[in-house]
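For reference, the structure is listed below as structure tokens.
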Protein chains: 2
Amino acid sequence: MNDVAATGISVLLVDDHPIVRQGYRRVLESQGDLHVVAEADNAADAYGAFKAHDPDVVVLDISMPGASGLEAIRNIRARSPRARILVFTMHNEAVLVKSAFSAGASGFVTKSSEPSAVVNAIRSVARGERAMSDDIAHILAEDSLSPTGSALDQLGEREIEILRQFAGGATTEEIATHLNLSVKTVQNYHYLIKTKTGARTDAQLVRLAATCGLTRI
Amino acid sequence: MNDVAATGISVLLVDDHPIVRQGYRRVLESQGDLHVVAEADNAADAYGAFKAHDPDVVVLDISMPGASGLEAIRNIRARSPRARILVFTMHNEAVLVKSAFSAGASGFVTKSSEPSAVVNAIRSVARGERAMSDDIAHILAEDSLSPTGSALDQLGEREIEILRQFAGGATTEEIATHLNLSVKTVQNYHYLIKTKTGARTDAQLVRLAATCGLTRI
DNA sequence: TTGCAGTTCGGGCAAATTTCCCAAGCCGGA
DNA sequence: TCCGGCTTGGGAAATTTGCCCGAACTGCAA
């Protein structure tokens, strides 16, 4: 690992908006100890940039076109398990946060956070600690009060199948017919899937299914 | 009007993410002729800041909580018809662009644009010209050639806004709070949107919003 | 063999939401 | 001026959700 104390923290910025990257770069560099050594504007380039520059921390927005940011996290971590990745996005859904962490992220900070919170999160992640912004901690705390599991891997075979059809746009009756189940059973699965994944909305369920590759949009 | 040539261009930044504002501020100020004289983090404060500082250009992200950005545009223009407003957002839906211009915006630039395109757009708008980024021009052109409008074209601007938030994972109550509406009204919009678009399921609605670029997954 | 744990399947019932229908206010165009 | 569309919400019946429950079936291990 780099000698962080002596050389400062090197950062790889991944975000699809050029001017946003430029803005972050200036904010981070004004801190003195943070140095943006590379940028990438999509998930596919992120790993190449990571390999080329071996940054201490990857700061990455998961809402990007093309491959999902979650995939980028998995991609980088699979080949460089010591990589520190800080997710930095406007989204604050519990499902997404949990997916990001289980994909291998070290931190999760929303864009609503103060700049100081963001740079502190970068420093924490560089030290190998876990970091998240206050709003994320709150959402996760709220979510953890119900004895749910983590994300999609907690679902059984049937639940996955029903989630797939549901996210594909099928109605409850249609799913019941397809699978020769009673409507009530499908409704119960629907409810179970929501509680297990922590989704509070059907829309969140669809987004989860999409980000996990269960359905294509 | 201010003497732009002699004093430079004063800018009011409106965006709900503190670090994003900070980033823009640094990028713009590095240009020499652009000066950020005020910031606002929501549509409600935008007009107050405008009145207090009388900036040459308002740079505003329309995807904000609270009153929609479109409302902020109308708000400012209604009371100060000479205001120059440049919409600066990640969204690139033709419907949104048209709504923004008819609300009184002078320009529309996406965050995918190069920083140089953004600052040039600010200068154009300050000179009283209309400005838009290349991708927006392309989308508008494409849209005007298609005989069959997108499914979103039949929706009003409120419906679009509610659909965006819904597809983003917000609950009915959250949307009602964000937009200062009764839950009942949001429910009615939800129903109306479904019937207008022909979606029979919330999941289909999310997919529609995603394929139309209203939301990203 | 027994027993435990997990998955699948569905009933029940109160609470919430969806589905329609309706109305009033506002604004822009004919 | 009148018409039509958008926005905002009330009302009431129909449906779904949220959360409880039990039962059958599986595999697995003691």
Side-chain angles (χ1 to χ4, degrees), chain A residues 94 142-143 145-150 152-167 169-206, chain B residues 43 66-75 77-78 95-96 98-104 149 152-167 169-206:
Chain A
E142 195 108 334
D143 181 81
L145 289 185
S146 60
T148 66
S150 50
L152 207 72
D153 5 334
Q154 303 289 317
L155 300 183
E157 194 79 15
R158 219 81 242 252
E159 292 160 338
I160 294 271
E161 179 56 30
I162 286 173
L163 174 55
R164 183 203 320 285
Q165 296 200 22
F166 172 75
T171 67
T172 304
E173 289 94 342
E174 285 167 351
I175 297 175
T177 304
H178 292 156
L179 301 179
N180 264 94
L181 295 175
S182 83
V183 169
K184 180 66 193 176
T185 299
V186 178
Q187 290 173 338
N188 277 336
Y189 273 117
H190 188 342
Y191 168 71
L192 244 188
I193 294 167
K194 274 212 236 177
T195 58
K196 279 192 181 179
T197 58
R200 284 151 56 242
T201 282
D202 284 351
Q204 291 182 11
L205 223 45
V206 176
Chain B
S68 97
L70 291 178
E71 211 159 313
I73 298 175
R74 240 175 259 111
N75 210 333
R77 292 277 299 189
V95 226
L96 238 190
K98 290 193 274 189
S99 301
F101 277 118
S102 75
L152 257 40
D153 284 350
Q154 46 195 326
L155 300 182
E157 114 192 359
R158 213 87 248 243
E159 291 160 341
I160 295 270
E161 178 59 29
I162 286 172
L163 174 56
R164 181 206 318 292
Q165 296 199 22
F166 172 77
T171 67
T172 303
E173 290 93 343
E174 286 167 351
I175 297 174
T177 303
H178 291 158
L179 300 180
N180 263 95
L181 295 176
S182 83
V183 169
K184 182 65 195 181
T185 299
V186 178
Q187 290 173 338
N188 278 335
Y189 272 117
H190 190 340
Y191 169 70
L192 239 190
I193 294 167
K194 273 211 230 176
T195 57
K196 276 194 182 180
T197 59
R200 285 150 55 241
T201 284
D202 285 352
Q204 292 180 10
L205 223 44
V206 175

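Since the model is a prediction, treat every value here as computed from it, not as a measurement.
Between B:N180 and A:N188, the residue whose closest nucleotide on DNA chain D is further toward the 5' end is B:N180.
Pairing each heavy atom of A:T201 with each of B:G169, the nearest pair is OG1-O, 3.6 Å. Closest heavy-atom contact between B:R200 and A:E174: NH2-OE2, 2.6 Å. In terms of heavy atoms, A:L205 sits closest to A:K194 at CD2-CG, 3.7 Å.
Applying the 4.0 Å criterion to OP1 and OP2 of C:dT17, one finds that B:H190 has every side-chain N and O outside that range. Distances shown here put a side-chain N or O of B:Y191 below 4.0 Å from the OP1 or OP2 atom of C:dC20.
The interatomic distance linking A:Y189 (OH) with D:dC19 (P) rounds to 19 Å, in whole Å. Whole-Å rounding puts the B:E157 CD to D:dT8 P distance at 9 Å. Atom CZ of A:F166 and atom C1' of D:dT17 are 12 Å apart (whole Å). Rounded to whole Å, the distance from CD on B:Q187 to P on D:dG10 is 10 Å. Protein atom CZ of A:R158 is 15 Å distant from nucleotide atom C1' of D:dT26, rounded to whole Å. Look at CG on A:L181: it is 9 Å from C1' on C:dT8, rounded to the nearest Å. B:K196 places its NZ atom 16 Å from the P atom of C:dT19, with the value rounded to the nearest Å. When rounded to the nearest whole Å, the span between NZ of A:K194 and C1' of D:dC19 equals 13 Å.
Between A:H190 and A:I175, the closest side-chain pair of non-hydrogen atoms is not below 4.5 Å.
Among D:dT7, D:dG18, C:dT17, the nucleotide with an atom closest to any side-chain atom of B:E173 is C:dT17. Ranking D:dT8, D:dC19, C:dC9 by closeness to the B:T185 side chain, first place goes to D:dT8.
In this structure, B:E161 does not pair ionically with B:R158, as no charged nitrogen and carboxylate oxygen lie closer than 4.0 Å.
A donor and an acceptor atom sit less than 3.5 Å apart, one in the side chain of B:K184 and one in the base of C:dT19.
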